Amino acid sequence: MLDLRYVSENLDAVATALASRGFNDQETLAKLESLASARRLAITEVETLQATRNEASAAMGKIADKKSEAFTAKRVELQGLKGRIKELESKSKAIQDELGELLLHLPNLPHESAPVGTSEDDNVEVRVVGDKPSFAFEPKDHVDLGVALDIMDFERGAKVSGARFVILKGMGSRLERGLLQFMLDMHVDQHGYQEVWPPALVKDSSMLGTTQLPKFEKDAFKIKKDSEWEEKNEASHDLYLCPTGEVPITNMHANEILDASQLPLTYAGYTACFRSEAGSYGKDTRGMIRQHQFDKIELVRFVTPEDALSEHALLTSHAENILKALGLHYRVVELCTGDMGFGARKCFDIEVWLPGQNAFREISSCSWFGEFQARRMSCRYRPAPKAKPKHVHTINGSGLAIGRTLVAILEQYQRADGSIEVPEALRPYLGGRDSIRA
RNA sequence: GGAGAGGUGGCCGAGUGGUCGAAGGCACCCGCUUGCUAAGCGGGCGUACGGUCACAAGCUGUACCGGGGGUUCGAAUCCCCCCUUCUCCGCCA
């Protein structure tokens, strides 16, 4: 979330920056302003009273005879204060809660280098890598290829789990598994990431930390607990199916103060990802492009503000290196202010070429969040020994979405007879096979 | 699922109603010292939010001893709920 102090002192600048990403809720901003000043008054009010009470109580502590009249008189006198303080405390808390809730709904401010725009049409193509594969035949899409090769079973996926689920079979499964290993190996051995294997279920507080909550709850699968459980654990936390590795991995360092020498702190991890895909009915219903469950390798970097921009570029290049190693044609697009995610200050999408769709499709989204996530989950670092802790900057990106990579390989490496050439770098992971055929 | 024990500052670890933001140790920082070398001595060293102020330092107030609520003039300390860690039993991949 945004820094309350910065927001209340730079309201106009904030409004302008938010407007550039399409956020024009003047009412909210006005409310923010009035709540911020109300908060200060309330704090002062409570604290003054608390100071009075503390002083008087300390004096009482010094009275030796606790049964003396002087003592009793003081006690009676202070009893009135107690209620008054409680009253003001709850008033102050209410203001702060409302303010906090409001801040949670404000998106991040785009970085000045992010292209200004209102929709994906305003995104900027940064670079194109490789060439479109040319085919002497009409290229098929991954569904036709996969079904013919008997490595994807959409019908049984639907039978078992419903729409937007697939069962990979034989070399399809092997390819998914091989890609998983190939990607992780590269990030760990060549890019120096610490490998992690995080949980698939995450707490609501984690979802809040990385901004999936509170605004985007409908996009996630929430674990439903039976009523008996709910009754017993009314105040306990909710659990969600992990929508992206970003959530468990970034939140690993929630409520911590890191040492500057630890930075950059980098993680690469595999997670199954689950998305309800609410609001995307009718979109990409064919094939593996948009499933309720998919596999992904996630890259996360905790960095200093000074290094953030170059670290962001670095992480993006790490994701790209996978595509390069696989010889896949792709491009990098910088998202405009209107198309960026809620928490991002700057974002590069990597889009892989899909001959079956005759289009580039997102395969990774590399975002720099500034201190937006770090503030929410309270992750700080000490720039120097004894120095005051500052919020870290977080950066993450897919490295890569495994299913979509599989799709791209099928479509880009397809041959006239419907078989698939296996990219050389991947062959060791497929038992040395150089092709996939029926 | 059952039984029990814990969660205190970056780390370890005292502390069971007032003199505790919290002993002691480690780590770290500053200075001194040192011919015996991951040595010795002295000092410093939590976070957040207010006020003052330059959103600095300093000074000052308040809160924070897993989280939330309660009792009390006063809570790290007592009560309740939750989270979490560990040990044992059961069950299970």
Side-chain angles (χ1 to χ4, degrees), chain A residues 1-11 13-14 35-97 99-100 103 197 199-209 223 225-226 228-239 251-263 265 371 374-392:
Chain A
M1 65 185 146
L2 298 174
D3 180 15
L4 175 61
R5 164 165 261 146
Y6 177 81
V7 172
S8 44
E9 287 171 9
N10 301 277
L11 217 64
V14 169
L35 278 173
S37 57
R39 166 179 170 275
R40 262 186 220 170
L41 283 178
I43 287 175
T44 308
E45 209 174 7
V46 173
E47 291 188 351
T48 307
L49 230 51
Q50 285 173 328
T52 309
R53 177 203 61 195
N54 289 349
E55 203 182 329
S57 283
M60 283 180 73
K62 293 205 177 85
I63 297 176
D65 183 2
K66 309 295 192 217
K67 300 222 164 97
S68 68
E69 265 182 43
F71 188 89
T72 311
K74 273 206 176 264
R75 206 183 65 203
V76 172
E77 184 190 327
L78 286 181
Q79 275 168 351
L81 252 190
K82 194 162 90 165
R84 180 86 183 116
I85 287 176
K86 199 156 282 183
E87 199 178 293
L88 289 175
E89 273 175 348
S90 63
K91 180 180 138 199
S92 166
K93 185 171 184 295
I95 292 172
Q96 304 209 43
D97 284 352
L99 198 51
L103 277 174
W197 198 287
L201 264 55
V202 290
K203 298 204 281 192
D204 46 4
S205 59
S206 297
M207 294 282 279
L208 198 77
I223 302 297
K225 289 142 175 175
D226 63 46
E228 189 187 342
W229 196 96
E230 293 277 9
E231 223 170 281
K232 239 172 82 183
N233 302 288
E234 164 192 6
S236 73
H237 61 249
D238 286 326
L239 281 173
N251 280 288
M252 279 170 60
H253 293 291
N255 299 312
E256 290 186 18
I257 298 179
L258 306 169
D259 200 275
S261 62
Q262 290 175 269
L263 305 178
L265 191 54
E371 36 176 73
R375 191 179 299 282
R376 285 188 170 217
M377 60 179 189
S378 186
C379 175
R380 291 167 296 169
Y381 76 105
R382 213 177 284 282
K386 283 190 75 178
K388 263 183 78 165
K390 290 170 68 176
H391 288 100
V392 298

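Since the structure is predicted, the reported quantities are computational estimates derived from the model, not experimental observations. In what follows, every chain begins at residue 1, and chains take the letters A, B, ... in the order their sequences are listed.
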Grab the CG-C1' distance between A:L258 and B:C11 for me, whole Å please. 15 Å
Backbone of A:R40 reached by a side-chain donor or acceptor of A:T44 within 3.5 Å: yes
Is there a donor-acceptor pair closer than 3.5 Å between any side-chain N or O of A:S92 and the backbone N or O of A:L88? no
Among B:U62, B:G51, B:C73, the one nearest A:R40 by side-chain distance: B:G51
Donor-acceptor contact present, side-chain A:S378 to main-chain A:A374, <3.5 Å: no
Below 4.0 Å: OP1/OP2 of B:G66 and any side-chain N or O of A:N255: no
Under 4.0 Å, heavy atoms only, any strand: does A:A51 hit a base, just the sugar-phosphate, or nothing? sugar-phosphate
Side-chain N or O of A:N54 closer than 4.0 Å to phosphate OP1/OP2 of B:G74: no
Just to confirm, is there a sub-4.0 Å distance from OP1 or OP2 of B:U47 to any side-chain nitrogen or oxygen of A:R380? no
Which nucleotide, B:G74, B:C55, B:G50, lies nearest any side-chain atom of A:E9? B:C55
Can you tell which of B:G74, B:C83, B:G51 lies closest to the side chain of A:K82? B:G74
Among B:C55, B:G69, B:A48, which is the nearest nucleotide to the side chain of A:R5? B:C55
Go ahead and name the base partner of B:A63; Watson-Crick or wobble counts if both distances stay under 3.5 Å, otherwise write none. B:U47
Any side-chain heavy atom of A:N255 within less than 4.5 Å of one from A:M377? no
Of the nucleotides B:C73, B:U62, B:G50, which has the atom closest to the A:S57 side chain? B:C73
Tell me what A:Y6 touches on the nucleic acid: a base, only sugar-phosphate, or nothing, going by heavy atoms under 4.0 Å. nothing
Can any side-chain N or O of A:R382 pair as donor or acceptor with the backbone N or O of A:D259 at less than 3.5 Å? no
Rounded to the nearest Å, what distance is computed from the CD atom of residue A:E256 to the C1' atom of nucleotide B:G9? 15 Å
Check whether any side-chain nitrogen or oxygen of A:R382 sits under 4.0 Å from OP1 or OP2 of B:U47, and answer yes or no. yes
Can a side chain N or O of A:R53 be found less than 4.0 Å away from OP1 or OP2 on B:A63? yes
Atom pair distance, as rounded to whole Å: CD1 in A:I63 and P in B:U19: 15 Å
When you measure from the side-chain N and O atoms of A:Q50 to the phosphate of B:U62, is any distance below 4.0 Å, counting only OP1 and OP2? no
Taking only N and O in the side chain of A:K62, is any of them less than 4.0 Å away from OP1 or OP2 of B:G18? no
It should be established whether A:K86 places a side-chain nitrogen or oxygen under 4.0 Å from OP1 or OP2 of nucleotide B:U71. yes
Should A:R39 and A:I43 count as side-chain neighbours, where that means a heavy-atom distance under 4.5 Å? yes
Between B:U47, B:C49, B:C73, which nucleotide has the shortest distance from any of its atoms to the side chain of A:L78? B:C73
Below the 4.0 Å mark, does B:C73 have OP1 or OP2 next to a side-chain nitrogen or oxygen of A:K74? no
